[in-house]
Amino acid sequence: MAEISQEQVERAIKTTCATVLRNEHYFSDLDGLAGDGDFGTSLATGFRVIDKEWDQIDKTDIGAMLLKISMLVSKHVGGSSGPIWGTGFMKGAMLTRGKTAISLQDLADMLGSAIEGIQARGGAKLGDKTLLDALIPVHEVLKAHAAGDQDPGATLRDAADAADKAIDETRSLVAHRGRASQVGERSSGTPDPGIVAIATILQDWCKDRGIARTPKAAEVAKATA
Ligand SMILES: [Mg+2]
């Protein structure tokens, strides 16, 4: 069974910090199309702290590390994203206590638990035009590969495809949750910045692992250029 090492998880988080910091302004610009324009800054404020405190973060095992990251995200990511993203990392931490390697099935279970936690916290469901519209199809990809070929590279590529596809599939929807819901119809025709962030993070993970993949949505192409 293919294992994902703690080192690979650490590398994925470091890559995520770089993705978020590089796109601070772009993600806020996207949020400004229908929301209050704070998403990029909110996310970057938290991930900048993670990046700065990286060497001090407890790395005894994956669970300890994710727990610390969930606390930093909850504390420092602003707006509505802090509790949402913090809950996601917290759920992942709870399932990896004491582990220094995880299987694809573990990763699928972590994301499934994160999705449940985020739904409980924010009340959103599939089709509400939130980051769940990216996370739920990515979860399906993880489950399928965990039960099938167990190839981490193919899993990552298909996960990036699923999140990328979610951008265009939800573009015409009207947001029902989060700040974008307050402007109602104005959100139709604009991408959800949370979905773009997830797709961009996965595309950068592909790049970091040398997995060739061309982004489909214009936003991902721009955010990873
Ligand atoms: Mg906002």
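Order of appearance sets the numbers: ligands from 1, and atoms from 1 within every ligand. Sequential numbering from 1 along the given sequence is applied to the chain's residues.
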Given side chains that start at C-beta, do those of Leu66 and Met110 come closer than 4.5 Å, heavy atoms only? yes
What N/O/S atom of [X] is the closest to the Mg ion (ligand 1)?
X	result
Asp31	OD2
Asp36	OD1
Asp38	OD1

Please determine if Lys143 and Glu140 form a salt bridge, counting it only when a charged side-chain N lies under 4.0 Å from a carboxylate O. yes
Rounded distance [0.5 Å steps], CZ in Phe39 versus OG in Ser80: 8.5 Å
Supply the atom-to-atom distance Lys59 NZ to Thr100 OG1, rounded to the nearest 0.5 angstrom. 15.0 Å
